[in-house]
Amino acid sequence: MWTLYTSHTLQPHYFPLNFRPASRSHHQATVALRLPTATSTTPSTINHNPSIQSLCVKGQLKQALELLSQEPCPTQHTYELLILSCANQHSLSDALIVHRKLIDNGFDQDPFLATKLINMYHELDCIERVRQVFDKTLKKTIYVWNALFRALTLWGRGEEVLGLYSRMNRIGIPSDRFTYTYVLKACVAAETLGSLLQKGKEIHAHILRHGYESHIHIMTTMVDMYARFGCVADATSVFNSMPVKNVVSWSAMIACYAKNGKPFDALELFHQLVLDNCDTLPNSVTMVSVLQACAAVAALGQGKLIHGYILRKGLDSILPVISAMVTMYARCGNLEWGKRVFSQMEKKDVVAWNSMISSYGIHGFGREAIEVFKEMILSGVSPSPISFVSVLGACSHSGLIEEGRFLFESMIKEHGITPTVEHYACMVDLLGRANQLYEAAKIIQDMRIEPGAKVWGSLLGSCRIHCNIELAERASKRLFELEPRNAGNYVLLADIYAEAEMWSEVKRVKKLIEARGLQKVSGCCWIEVGRKVYSLTSVDEFNPQIEQIHALLIKLFIEMKEKGYVPKTKVVLYDLEADEKERIILGHSEKLAVAFGLINNSKGETIRITKNLRLCEDCHSFTKFISKFAGREILVRDVNRFHHFKDGVCSCADYW
DNA sequence: CTAGGGTTAG
């Protein structure tokens, strides 16, 4: 009669078709054999109550519970179905009744049911009860441990998992392949990210010692773990060591590159996958990361090819793919195509709407972003916290201060969303950029949560624009504590001092950068010519056209000065002579990219440039002049947004 | 009870 739990002797009418009886595994049979008295005195074949079970599966939990109250000897299997049903119905009150009754029937030490209870309470968001069930179960099988690890990891309680994992190792319970995937995930699910990388490496070694080096799930999880720690080299070496890979492993590696500032590697790996691996085909998940990579480098030509590939593979109706595509087109400078892809979506979810809102935002269309935001609400989709980050960001780029304030208020009062640091950072940016620096500082002061680096960074950025030394010093003091290794903050402060010609202070900050061994990010631009992306930096001597570029720039420089262009030499951070400063600003990567575009692009074609930093004031004014002088439209994406130069004016209206 | 993905950010 115990074979009830294995598939080949199942009596079909006891089991509704959709209850996956065929996959009953060996483990459940073993557990059933060791069950305590409760089941052994009540043979399931007799006391099995099919109607409780069928009610459970039909979702009629209340009726099932009624029958349960009259049922003298419910079986382990009946309880299993009841537990699953409570989780499906999301009913905590019923869950508690079932749990109570289960204890009364003497099943409280059944490890199989404990596993199910843990999963159930996890589904019901009762993480404390998950812990309770685990603690009260004396005979903790590896299944019980794994269920706990899974729940805690998904709750972001990584440290707790790792603590328990050590305990498990001390007691001498061997891990299985499931345990390893959970503890690897736990390393990144922890709040104190940095410190757990070491732990992850230890587990890595442990996994190799136990002969799991070819296990595809574990190794893929490991690639992902290193990716999330930003350890691209480790992720790569794990990936390369895998003897067998599938589309998931490839996707994990491509995503790793795309998310860690290595978009070219992401694209290259994708090409390798498509060209050299006939047995593994990319799927929609792969394509999402590939699109992100295209967006990151603003490779419009490449992105269009990918779009074509997506159409050919029939992946063009998958929501995440379309959202990523909208973002890709917008971030590549082609807002129109993004709009078109978006408008062709049959069903739009909140993420799709958010992509469209932020796309309008980075192109400086604040009012349109707000319109789309309203349209989303009218269509019945509730805004998420990210919707507000997107729409507030759009307000900020367009200087829509009152609108932004109103939206922030409505977020809290009408939509019941508690502002996070991201939202505060948006508000500080919105006000600070509009030169309401003290208002911005007041927002920080009134915050009910700890203002993080993003918030102080916003304030410092605004101080840079409006040259406020007092607030800049306050903000940078906090920033140097919060992120001492971020060179950008030191550079901003030095910029502000330089602008005020406080050279000794500039020197002091520069010494700080040096003393801490930091490397400031140097300016870099890229531009796509004929589906190839070229990068330009001010120190680049390898560009074969560099002499031609310099010559063109000098010619333009002289001619434009005659037409009224005044070089803004104050952007140079050093105390130098004027002509020396002019020489420096003429070498800015963006000007090189503009010249490169003028030389290589066909006439009338828009020049599209991407920059890794914020546009400098002189390059901005220079490009405005050129757009008129050379009669060219020039589109520049800096770290934050797009600048669309045409006829001597910029779409940002000099507000960026 | 295993692995990869969309929108935000100074």
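Because the structure is predicted, anything quoted here is derived from the model rather than measured. Chain letters run A, B, ... following the sequence lines, proteins first and then strands; every chain starts at 1.
- Judged by distance alone with a 3.5 Å cut-off, no donor-acceptor contact links the side chain of A:E422 to the base of B:dG10.
- Residues A:Y180 and A:H215 place their aromatic rings such that the two centres sit no closer than 6.0 Å.
- Contact annotation: A:T181 side-chain N/O to B:dA3 OP1/OP2 distance is not under 4.0 Å.
- Rounded to whole Å, the distance from CG on A:L152 to P on B:dC1 is 18 Å.
- Among pairs with a residue in residues 282-296 of chain A, those fulfilling side-chain hydrogen bond (donor to acceptor under 3.5 Å, both in side chains) read A:S251-A:T286, A:N283-A:T286, at least two apart in sequence or across chains.
- In terms of polar N and O atoms assigned as donor or acceptor, the side chain of A:N246 comes within less than 3.5 Å of the base of B:dA3 in a complementary pairing.
- Proximity of A:R641 to the phosphate of B:dT8: no side-chain N or O atom is located under 4.0 Å from OP1 or OP2.
- Between A:S458 and B:dG10 there is a side-chain N or O to OP1 or OP2 distance below 4.0 Å.
- Heavy atoms of A:H215 sit under 4.0 angstrom from at least one base atom.
- Using a 30° and 60° split on the angle between ring planes, A:F239 and A:W250 fall in the perpendicular class, above 60°.
- When the C1' atom of B:dG10 is taken as reference, atom CD1 of A:I444 falls 11 Å away, rounded to whole Å.
- Here the nucleotide nearest the side chain of A:N119, chosen from B:dC1, B:dT7, B:dG10, is B:dC1.
- Note on A:K348: nothing from the nucleic acid sits closer than 4.0 angstrom, heavy atoms only.
- Considering only the side chain of A:A252, B:dG4 comes nearest among B:dG4, B:dA3, B:dG6.
- Note on A:L319: a base of the nucleic acid sits closer than 4.0 angstrom, heavy atoms only.
- Of all heavy-atom pairs spanning A:I496 and A:A472, the tightest one is CD1-CB, 3.6 Å.
- A:T115 comes within contact range of no nucleotide atom at all, as no heavy-atom separation falls under 4.0 Å.
- As rounded to whole Å, 19 Å separates atom C1' of B:dT8 from atom OH of A:Y360.
- Closest contact between the side chain of A:V288 and the listed nucleotides B:dA3, B:dG6, B:dC1 involves B:dG6.
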As a quick check of understanding, evaluate side-chain contact (heavy atoms from CB on, under 4.5 Å) for A:D638 and A:L613, giving each step before the final call. CA-CA 6 Å; A:D638 72 7; A:L613 302 171; over 6 Å; no
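- Taking only distance into account, the side chain of A:S251 meets the base of B:dG4 through a donor-acceptor pair shorter than 3.5 Å.
- Of the residues in residues 382-397 of chain A, those placing a heavy atom less than 4.0 Å from an atom of DNA chain B are A:I386, A:V389, A:S390, in numerical order.
- Using a 4.0 Å heavy-atom distance criterion, A:L479 is classed as a base contact.
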Donor-acceptor pairs are to be reported for all side-chain atoms of residues 386-401 of chain A against protein atoms at under 3.5 Å, with residues two or more places apart or in another chain.
residue	atom	partner	partner atom	Å
A:S387	OG	A:N354	OD1	2.7
A:S387	OG	A:S384	N	2.8
A:S387	OG	A:S384	O	3.3
A:S387	OG	A:S384	OG	3.2
A:S390	OG	A:I386	O	2.9
A:S396	OG	A:D429	OD2	2.5
A:S398	OG	A:G364	O	3.1
A:S398	OG	A:G366	N	3.0
A:S398	OG	A:A394	O	3.4

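- Under the ring-ring contact (aromatic ring centres under 6.0 Å, His included) criterion, A:W656 pairs with A:H620, A:H643, sequence neighbours left out.
- Distance from the side chain of A:R177 is smallest for B:dT2 among the nucleotides B:dT8, B:dG4, B:dT2.
- A donor-acceptor contact under 3.5 Å links the side chain of A:D349 to the base of B:dG6.
- On a pure distance criterion of 3.5 Å, a polar donor-acceptor pair joins the side chain of A:N489 and the base of B:dG10.
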Cut-off 3.5 Å, no hydrogens considered: what does the side-chain donor-acceptor table look like for residues 320-333 of chain A, sequence neighbours left out?
residue	atom	partner	partner atom	Å
A:S323	OG	A:L319	O	3.3
A:T327	OG1	A:S323	O	3.2
A:Y329	OH	A:H307	ND1	2.7

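- Base contact: A:A453 has a heavy atom under 4.0 Å from a base atom.
- Within 4.0 Å (heavy atoms only), A:N146 reaches at least one base atom of the nucleic acid.
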Any chance you could lay out the side chain to side chain donor-acceptor pair (under 3.5 Å) test for A:D176 and A:T179, step after step, and finish with the verdict? CA-CA 5 Å; A:D176 69 1; A:T179 321; 2.7 Å; yes
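- Atom NZ of A:K454 and atom P of B:dA9 are 10 Å apart (whole Å).
- Counting to the nearest Å, the C1' atom of B:dT8 and the CG atom of A:D429 are 12 Å from each other.
- Rounded to whole Å, the distance from NZ on A:K313 to P on B:dG5 is 22 Å.
- For a distance-only test at 3.5 Å, the side chain of A:N283 qualifies as a donor-acceptor partner of the base of B:dG4.
- Taking atom CG of A:N640 as the reference point, atom C1' of B:dG10 lies 7 Å away to the nearest angstrom.
- Atom pair A:L460:CG and B:dG10:C1' shows a separation of 8 Å (rounding to whole Å applied).
- Residues satisfying the side-chain hydrogen bond (donor to acceptor under 3.5 Å, both in side chains) test with A:E422, not counting sequence neighbours, are A:T420.
- Stacking between A:Y180 and the base of B:dT2 is absent under the criterion of ring centres within 5.5 Å and planes under 30 degrees.
- Using a 4.0 Å cut-off, no side-chain N or O of A:Q292 falls inside it from OP1 or OP2 of B:dG5.
- Using a 4.0 Å heavy-atom distance criterion, A:V247 is classed as a base contact.
- For A:N486, the listed nucleotide lying nearest its side chain is B:dG10; candidates were B:dG10, B:dT7, B:dA3.
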